Structures are given as structure tokens and as C-alpha cells.
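Down below is the structure, laid out as C-alpha cells.
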Amino acid sequence: MLRTHTCGELRAEQVGQSVTLCGWVDTYRDHGGGLFVDLRDRYGLTQVVFNPPDSSAEVIEASKSLRSEYVLAVEGNVAERPTGMANPKLATGAIEVRVTRFRLLNKSLTPPISPSSLELPGEDLRLKYRYLDLRRREMQQTLMLRDRLIKQMRDYFAEHDFLDVETPVLGRSTPEGARDYLVPSRVHPGSFYALPQSPQLYKQILMIAGYDRYVQVARCFRDEDLRADRQPEFTQLDLEMSFVDADDIMNLLDGLVVRLAKQERDIDLSVPLPRMTYAEAMDRFGHDAPDLRFGLELVDCTDLAAEAEFRVFSSVANSGGKVRCINAKNGTKHYSRRGIDALTKFVGDYGAKGLAWFRVEEDGKLNSTIAKNFTAELLAKFAQRMEAEPGDLLLFVADRWEVTCKALHALRTKMGREMKLYDPQSMHFSWVTEFPMFEYDDEAERWTAMHHPFTAPLEEDLPLLDQQPGKCRAQAYDLVINGSEAGGGTIRIHDAGTQQKVFGLLGIDEQTARSQFGFLLEALQYGAPPHGGIALGIDRLVMLFGQLENIRDAIAFPKTQRAADLMTEAPGEVDLQQLRELGLRIRLDD
RNA sequence: GGCGCCGUAGCUCAAUUGGUUAGAGUACUGGACUGUCGAUCCAGUGGUUGCGGGUUCGAGUCCCGUCGGCGUCGCCA
């Protein structure tokens with residue numbers, strides 16, 4: 001070993017010991033007669049001192065050439081710092097190492113971004129020089145948080161008899177869902193593997209195989225556009241269980257969440273975690289993953305709007321649309337006329353054609369540029385419905401139900417943050433259940449699976465499969481943290497008949513079903529147990545527990561918005577010989 | 001694919017309605033300094049203002065295009 005201790009380890013108890021530390025020069029302070037270095041490794045910082053009398057003149061002279069990020073092994077004596085010289089900011093601040101000898105293990109070029117700098121470098125540079133960025137304390141802490149979360153999960157599920165089984169990365173492309181990443185086959189020219197969007201089918205097969213509790217930390221791939229919380233490759237804690245219902249899965253996960261919240265945030269959660277149906281979530285919040293840390297709930301005013309002379313309201317209300325409202329308590333203080341204009345522009349991004357607003361005056365009356373289009377009686381009804389009080393700001397969106405959901409949810413989220421209606425450090429955990437089985441795709445003019453095609457309907461809704469698929473609810477559950485979908489799962493279909501019926505509804509004809517999922521349909525006929533599972537987005541959990549603004553900060557080597565790795569410059573071109581072996585030719589036209 | 005923000009010294013940023021030789025902090029180089037911890041003090045080096053075109057007497061600033069980073073809509077079972 002080149003070292004006896006780490007740079008985060010030494011305390012007053014070690015005073016008098018002779019030690020050797022290895023690390024990087026975080027900062028150095030040259031005083032002419034002597035020199036101080038804060039030596040860094042992933043465990044912390046220790047001040048090492050090149051001063052007489054411990055350091056000889058030769059050692060001090062040699063120390064003058066040290067620069068940022070040089071790699072050292074220093075040998076010296078642990079000493080209590082002189083009176084008044086302790087540094088309370090450092091865990092090792094009571095002591096220092098007085099260097100008797102040191103070895104320069106490696107030099108460094110002047111780093112383009114400095115790990116010790118207080119200024120955050122541009123993100124492109126951080127990604128290009130990721131090895132320097134990862135030396136920063138914040139990144140170290142994030143990766144350690146990530147490690148703790150994953151270790152806790154593995155421990156928890158191991159305690160519950162789960163078996164970690166690996167599943168293939170090279171699989172086959174399936175028609176539903178996100179765009180696949182494809183890998184050409186050399187052995188089968190013209191054929192392609194697909195990288196898994198999730199290990200979904202394999203874990204169901206494992207249940208049929210009798211491995212009744214499966215867990216895996218699985219890498220998943222989806223070739224879709226990136227977002228602040230979305231990467232093309234991401235990591236899931238994936239699990240599946242046999243002989244369980246939705247409550248069993250949620251109860252099991254409750255236990256995990258309690259443990260993680262306690263360990264990482266010292267939050268004492270009571271179980272079961274709150275549960276809300278999809279229908280209620282959409283009614284009250286317009287979203288299937290509502291942030292329950294604050295109110296600003298949506299209120300339906302369609303019936304009142306239908307009576308209004310205001311055409312925007314009445315025409316929407318009388319043609320099947322919805323008029324829904326948020327009451328921003330004391331909102332007039334936060335949003336001036338110009339502020340409201342900005343909110344109007346904001347909801348436009350979500351398809352809302354406008355934002356109708358009323359201020360609640362001191363006398364309790366609603367006032368607005370559009371007030372003249374309403375009778376006093378009707379305004380009073382709105383005020384009563386919205387429990388309006390002086391200073392409140394009422395904001396209405398009148399549109400198709402879907403648009404009112406999207407626009408008002410986005411508005412609610414934005415205003416909750418801007419009006420500081422909750423402590424951004426706080427965390428709230430809940431479940432949303434009973435999702436619809438199907439969504440209607442207007443473009444494709446057919447039903448699509450809301451979760452995936454293997455999701456089991458609620459038993460009581462089974463008859464709806466034939467008559468009203470849109471009303472059929474699924475045995476599905478999403479774990480929601482702070483308005484973010486942290487995970488989701490379902491109970492699966494375990495009989496081939498129901499599975500074929502669902503495929504039929506989704507427009508997956510028998511031949512397609514057989515060619516794409518034939519192995520599953522076949523397997524379901526060999527004693528498939530009832531089963532279900534869930535997957536947690538580990539990157540998002542790291543974001544949430546670490547209060548990170550974007551998913552890249554939760555991942556050691558993330559990709560940019562254009563799905564590139566700035567360090568390795570992936571993706572890259574390949575030479576013609578490789579293409580030839582794969583039977584591929586590049587077309588650069590169109 | 002659409003919309004928006006950003007790109008100036010190695011790094012983080014500034015530069016008035018379009019107006020002289022594009023500045024500051026930091027880093028770097030040299031010097032001073034025996035207790036600093038964002039050390040301090042003195043001096044110095046460092047610029048194709050992402051790239052290409054246009055408007056103008058004059059462009060870091062305005063316009064068009066393009067490249068890159070970020071956010072967002074669509075997309076993401």
C-alpha cells in the first residue's frame with residue numbers, strides 16, 4: 001500500500017503518529033518559507049504542511065513546484081494544529097500532517113476546470129472533462145448517495161428472499177412502446193437485436209419458471225428525445241413477484257421507502273403510504289403524478305361556465321369541454337398584470353388558448369377585464385365555488401379535458417414553486433393506482449396500452465374489456481415522489497386467453513402476437529402463476545434524494561441532449577469493413 | 001421536427017442607443033513573504049467575441065444560416 005490513511009480519516013487521536021497519505025493537490029498556499037497543501041481524495045481533505053523544522057530545506061524547495069491536481073504520496077507526522085489555527089470547515093481540521101518526505105506520483109496539466117473551484121464550470125466542459133468534474137465534492141457525494149441507495153435496495157430485497165437474476169441486453173425488438181436501440185447481427189445479416197426498454201418479458205418468464213421473487217439493477221434503453229429527467233440509457237431497480245396482488249407489491253415497497261427516507265433524510269414515514277386513484281389525481285391535480293406537498297387544487301366549474309355570457313366559457317362548456325380553475329391564495333400579491341400575462345403565455349405551451357383570471361377585491365367581488373361578460377350573481381357563484389377571499393387570484397382554463405389537465409397541472413407546478421408553497425427540501429411519497437388500461441391514440445385511431453400490453457385489468461372491470469375498453473382500469477400503481485414518477489408497476493396477465501384479448505384490442509393481430517411474443521403466450525400455457533412487479537427509476541431517486549436539478553448530475557457518465565458522450569465522442573463513425581461484415585450500407589441522401 | 005435561452009481570455013463573467021486600443025476576478029508565468037486555509041502583495045503573459053455570410057462609415061452588440069450546450073412542446077407502452 002502506498003498509503004496508511006485516507007485524506008478524510010485523521011483526527012486528534014492520531015496526533016504523534018507517522019502516516020503516509022496519497023491524494024491530489026486541491027489547493028496550495030505558498031508562504032515562501034513554507035507551503036501548505038490541501039490534499040484531496042474521495043474521503044476528504046487533509047492539510048499537509050511543508051514547513052521547518054519537520055520538512056528539510058530540500059523538501060520545501062521541492063514542494064515549490066507543486067501545482068493543482070498533482071498526485072502526491074506524503075509521509076509525515078500527524079500534529080495538532082497551533083492554537084487558533086484549527087479549521088472548523090474541515091473534518092480533519094484539528095490536525096495537519098507535517099511532511100518529512102514526499103513523492104510526486106504524477107503531474108497534471110493545468111486543469112481546464114478546477115475541482116476545487118467554487119464556480120460551476122459550463123456543462124459542456126464538465127462532460128468533456130468528466131474525470132475532473134467527478135473529482136468535485138458534489139459529484140463525489142452524489143455518487144456515494146447513489147451507491148447507498150442501491151446497496152439499501154439490494155439488502156432490503158435480499159432480506160425478503162429475492163433472487164438477483166441477470167437478463168440479456170441483446171434481445172428482440174417489440175412493436176409497442178418507445179423507439180428501440182438496434183444492434184445489427186453479424187451472424188444474421190439484415191437482422192437486429194434491440195436493447196431492452198426494460199427486462200419486462202424476461203422477468204415474467206422467470207415467474208413462470210418458478211423464481212417467485214426476482215430483482216435486478218437493470219440498465220434500460222429508449223431511443224427517445226432527452227429531458228432534464230430523461231436519459232437514453234437509465235437504470236431501474238426491477239423486480240417481480242409471484243402469488244401477490246397490487247397491495248402486496250405496494251406494501252413491500254412501502255417498507256423500502258421508509259428505510260430510504262430514514263437513512264438519507266431522517267424522515268419518519270408512516271405506512272401505508274397515501275394512495276390515490278388515477279381518477280382522483282386527474283380530478284384534483286390534472287396529473288397522474290401530483291406533487292402533494294402543496295394545494296392549489298383544480299376545481300371544475302364547467303356547470304357554472306355553461307351559464308356565462310362569456311362565449312369562451314359557455315361554448316367550451318356546452319360542447320363537451322371543461323372549464324377548470326385554480327385559486328391561488330393571496331395570488332394577487334405574487335402576480336401583477338404582467339405576471340399574469342406571463343402565465344397566459346406559459347399555459348399556451350400546453351395547448352391552452354388562454355387564461356381567464358379574476359382578482360378577488362377587498363369586498364369579495366371578482367374583478368377582471370372580462371368581468372363585464374358575467375352577471376354579478378354568476379360571479380358570486382364562482383367565488384363561492386372557489387372559496388374566494390380578498391387577495392386571491394382565480395385562474396381558469398377552458399378547453400378539452402386533456403388540455404385543462406396539462407395546462408393547469410403545469411401552471412400549478414410553476415406557481416407552487418414560485419409562490420414558495422412548500423419547502424423544496426421536503427419529500428412526499430405516495431401511490432397512484434387504478435390507471436386506465438388503454439388510451440386512445442387519435443392519430444393511429446386505435447387503443448394503446450397505457451402501461452404495457454401485459455397489464456392485468458381490475459377483476460371487476462373485466463367485463464368492460466369488450467364493451468368499453470376506455471373505462472377499463474388496470475391493476476397498476478405508480479410510486480410518486482414530489483410530483484415525479486419514481487417508479488411504476490402492474491399485476492400481469494397470467495392466462496393466455498386474456499392476454500390474447502388485450503393484444504386484439506391493441507390491434508396486435510394474432511400473427512404479430514405470435515411472432516413478437518409467441519414465447520410468452522406459449523409460456524403462459526405452462527402453469528404461469530399470478531404475478532406482478534414494479535420498476536423504480538434509480539437515476540430519478542438519486543435526483544430526488546440528492547435534490548438535483550437534472551438527471552445528468554445523478555449519472556457518472558451521462559449523455560447530452562443530443563444523446564452524445566462529450567468525453568468519448570460517442571456515437572462515432574465506424575469503418576467500412578465493420579459495416580460490410582454486418583451487411584450494412586450507409587445512405588446519406590434524405 | 002417546433003419554440004425559447006446561451007456561446008467573449010484556460011475558467012467564471014462584464015462591455016451604455018451599434019462607436020476609440022474588448023475589461024474584471026481567477027488560473028497561469030516570474031518575484032516577495034515562517035501559519036495559511038478562497039493566503040496576501042508586486043509584475044507579466046493570455047482574445048479569429050463558436051463558425052459562415054449579410055446590413056452599416058463602423059458589429060461582441062442588428063439580420064440570416066450553421067455548429068454546440070441547456071430548457072421545453074411533440075415524443076417517452
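Here is how names work: the chains are called A, B, and so on, in the same order as the sequence lines, proteins then strands, and each is numbered from 1. Owing to the predicted nature of the structure, the values given are computational and were not obtained by experimental measurement.
Side-chain atoms of Asp225(A) lie closest to rG1(B) of the nucleotides rG1(B), rC70(B), rC11(B). In the set rC75(B), rU36(B), rU34(B), the nucleotide with an atom closest to the side chain of Glu224(A) is rC75(B). Distances were taken from every side-chain heavy atom of Pro112(A) (C-beta onward) to each of rG10(B), rA27(B), rC75(B); the shortest belongs to rG10(B). Distance from the side chain of Met85(A) is smallest for rU36(B) among the nucleotides rU36(B), rC70(B), rC33(B).
Note: NZ (Lys64(A)) to C1' (rC33(B)) measures 9 Å, nearest angstrom. Rounded to whole angstrom, the span from the CG atom of Leu226(A) across to the P atom of rG74(B) amounts to 16 Å. In this structure, the CG atom of Leu125(A) is 12 Å from the P atom of rC70(B), given to the nearest Å. Taking atom CG of residue Asp124(A) and atom C1' of nucleotide rG50(B), one finds them 11 Å apart after rounding to whole Å. Rounded to whole Å, atom P of rU12(B) lies 12 Å from atom CD of Glu123(A). One can place CG of Leu66(A) at 17 Å from C1' of rA27(B), the figure rounded to the nearest angstrom. The interatomic distance linking Arg67(A) (CZ) with rU29(B) (C1') rounds to 9 Å, in whole Å. The distance between atom CZ of Arg126(A) and atom P of rU12(B), rounded to the nearest whole Å, is 11 Å.
Applying the 5.5 angstrom centroid cut-off and the 30 degree plane-angle cut-off, the aromatic ring of His31(A) is not stacked upon the base of rG35(B).
Between Lys406(A) and Glu402(A) there is no salt bridge, since no side-chain nitrogen of the basic residue lies less than 4.0 Å from a carboxylate oxygen of the acidic one.
For an aromatic pair to be called close, the ring centres must be under 6.0 Å apart, and Phe50(A) with Phe102(A) satisfies this. The aromatic ring centroids of His452(A) and Phe454(A) lie less than 6.0 Å from each other.
Summary of the strand contacts: Phe36(A) and Gly122(A) both lie near RNA chain B, and taking for each the nucleotide with the nearest heavy atom, the more 5' one is attributed to Gly122(A). Comparing Lys559(A) and Glu439(A) by the nucleotide of RNA chain B that holds the closest heavy atom to each, the one mapping nearer the 5' end is Lys559(A).
Listed pair Lys345(A) / rC3(B) fails the phosphate criterion, with no side-chain N or O lying under 4.0 Å from OP1 or OP2. In this structure, Arg227(A) does not reach the rC76(B) phosphate: none of its side-chain N or O atoms is under 4.0 Å from OP1 or OP2.
Figure legend. rG4(B) is base-paired to rC70(B); pairs are counted as Watson-Crick or G-U wobble with both atom distances under 3.5 Å. Remark: rG44(B) base-pairs with rC28(B). Criterion, Watson-Crick or G-U wobble with two distances under 3.5 Å.
Within a 6.0 Å radius of NZ in Lys64(A), more than 12 heavy atoms belonging to other residues, nucleotides or ligands are found. At most 12 heavy atoms of other shown residues, nucleotides or ligands fall within 6.0 angstrom of atom CD in Glu80(A).
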Q | Chi angles and distances behind the salt bridge (Lys or Arg N to Asp or Glu O under 4.0 Å) call for Glu233(A), Arg222(A) | A | CA-CA 7 Å; Glu233(A) 66 176 300; Arg222(A) 294 177 192 177; over 6 Å; no
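When the P atom is compared between rC6(B) and rC62(B), the two are found 9 Å apart, to the nearest whole Å. rU72(B) and rU56(B): their C1' atoms are spaced 36 Å apart (whole Å).
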